[in-house]
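Below: one structure, written as structure tokens.
Start at 1 and go down the list; that is how both ligands and their atoms are numbered. Excluded from the calculations below are hydrogen atoms, water molecules and symmetry mates; all remaining heavy atoms, backbone and side chain alike, are included.
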Amino acid sequence: MKQGILLKSYGGFYFVWVAGEEYTCAIRGKLRKDPGGIIVGDMVHISVTGDHAGVIEEILPRRNRLLRPKVANIDQALLVLASGHPAPDWLLLDKMLVMAMKNHIQPIICLNKADLANAEVYINYLDIYRQAGFPALAVSAQTQAGVETVRRLLQGKVSVFAGPSGVGKSSLINSLLAEDAQETGEISRKLGRGRHTTRYAQLIPWLDGGFLADTPGFSLLNVADVKKEELCQYYPEMVQAADKCRFQGCIHQNEPDCSVKELVTAGVISQERYERYLFLLEEIKNKEENLYD
Ligand SMILES: Nc1nc2c(ncn2[C@@H]2O[C@H](COP(=O)(O)OP(=O)(O)OP(=O)(O)O)[C@@H](O)[C@H]2O)c(=O)[nH]1
Ligand SMILES: [Mg+2]
Ligand SMILES: [Zn+2]
């Protein structure tokens, strides 16, 4: 029995990375019927049946998991947005941040296409997120600006690239891989050149035991399993302020003497991000009410 990590699955086969080599595997029927299923990033035990071939016998317990994109055992999530085509969807970013925080995954905000003419205003907007406590950088897969910084952040970690379709997730991964190829003299492993929509998640082995996960884009996201009392825990700028709210368990909505609301009024906490928080709170409330109808 060998231990490995599921890189990708398609055509009924499972591609498992075992000590630096790829095995093409089948899976035991009982595991396929498992409601949780097997997902990219899962640690597995395989029995070897031939040359680089095997059968997945067991899925090991997960450290964490995202539903969208569907990847397990993640260290950090590069939340990618673009300065245009498509323009940033800040509400979607806030939702991705909530899901990352809930699942104990370090988020890194990455605004791509910083080369576009109107990028400046979006780049400045990132300050809101930096002040909230999130790492945020502006990059360009096209000009390679900032790519070196991204590379340093990702070394030795399992990093998932997540975000809407067309923001440049695959392009960024390609430029990181191409850089390696230049350094090591290897031929770069292409994910398919621009304008190819990514159809399934895959983990790509990378430097120092790290992996990069390319995933399909999405524009809708549910903040799954988040209760309205819980939501503000995933906003670092609110967690910090909540000590001074009059009520314990204040969700910073209608309560009197709310420190968060005071900081919003004072311009310390971003008004816009706070309004999106209220919007999300409503969305969760409506979902909770429908549940008990
Ligand atoms: N101007 C500019 N265009 C870019 C940049 N990065 C990517 N693009 C273009 O944006 C388009 C989409 O890039 P992809 O890398 O396929 O985007 P993706 O996020 O992987 O999209 P999905 O796989 O559909 O989720 C392509 O036409 C790229 O050439 C950039 O830094 N600047
Ligand atoms: Mg892609
Ligand atoms: Zn409050």
**Message:** Please determine whether Ser170 has a backbone or side-chain N, O or S atom lying under 2.8 Å from the Mg ion (ligand 2).
**Reply:** yes

**Message:** Below 2.8 Å, can you find an N, O or S atom of Ser165 next to the Mg ion (ligand 2)?
**Reply:** no

Nearest neighbour of [atom] from the list [options], on a heavy-atom basis:
| atom | options | result |
| --- | --- | --- |
| atom 17 (O) of ligand 1 | Ser170, Ala82, Ser219, Gly168 | Gly168 |
| atom 5 (C) of ligand 1 | Arg199, Lys169, Gln144, Lys113 | Lys113 |
| atom 11 (C) of ligand 1 | Ala162, Ser165, Pro86, Gly166 | Gly166 |

**Message:** Once rounded to the nearest 0.5 Å, what's the spacing between atom CG of Leu66 and atom CE of Met99?
**Reply:** 7.0 Å

**Item:** Nearest-0.5 Å distance that lies between atom CD in Glu289 and atom NZ in Lys285
**Value:** 6.0 Å

**Prompt:** For ligand 1, is any non-hydrogen atom under 4.0 Å from Val80's backbone (N, CA, C, O), its side chain (CB onward), both, or neither?
**Reply:** neither

Could you list which atoms of ligand 1 come closer than 4.0 Å to a heavy atom of [X]?
| X | answer |
| --- | --- |
| Leu116 | 1 (N) |
| Val167 | 17 (O), 19 (O) |
| Thr197 | 23 (O), 24 (O) |
| Gly217 | 25 (O) |
| Asp115 | 1 (N), 2 (C), 30 (C), 31 (O), 32 (N) |

**Prompt:** Does Lys113 use its side chain to pair, donor to acceptor, with the backbone of Ala119 at less than 3.5 Å?
**Reply:** no

**Message:** Looking at Asn73 and Gly41, would you say the former's side chain and the latter's main chain have a donor-acceptor pair under 3.5 Å?
**Reply:** yes

**Request:** Taking both backbone and side-chain atoms into account, decide whether His252 has an N/O/S atom under 2.8 Å from the Zn ion (ligand 3).
**Result:** yes

**Prompt:** If you measure from the Lys or Arg side-chain nitrogens to the Asp or Glu carboxylate oxygens, is any gap between Lys228 and Glu282 under 4.0 Å?
**Reply:** no

**Request:** Quick one: sort the Trp90 and Tyr129 rings into parallel, tilted or perpendicular, breaks at 30° and 60°.
**Result:** parallel

**Gln240, CD: over 12 other non-hydrogen atoms inside 6.0 angstrom** = no

**Message:** Only to 10 degrees, please: what angle do the SG atom of Cys258 and the SG atom of Cys245 make about the Zn ion (ligand 3)?
**Reply:** 110°

**Request:** Show your working on side chain to side chain contact (heavy atoms under 4.5 Å, CB included) between Ile204 and Gln202 and close with a plain yes or no.
**Result:** CA-CA 6 Å; Ile204 301 150; Gln202 66 165 313; 4.1 Å; yes

**Asked** Could an N or O of ligand 1 be found under 3.5 Å from any N or O of Gly163, whether backbone or side chain?
**Response** no

**Prompt:** Cationic tip of Lys8 within the cone over Phe15's six-membered ring, i.e. under 6.0 Å and within 45° of the normal?
**Reply:** yes

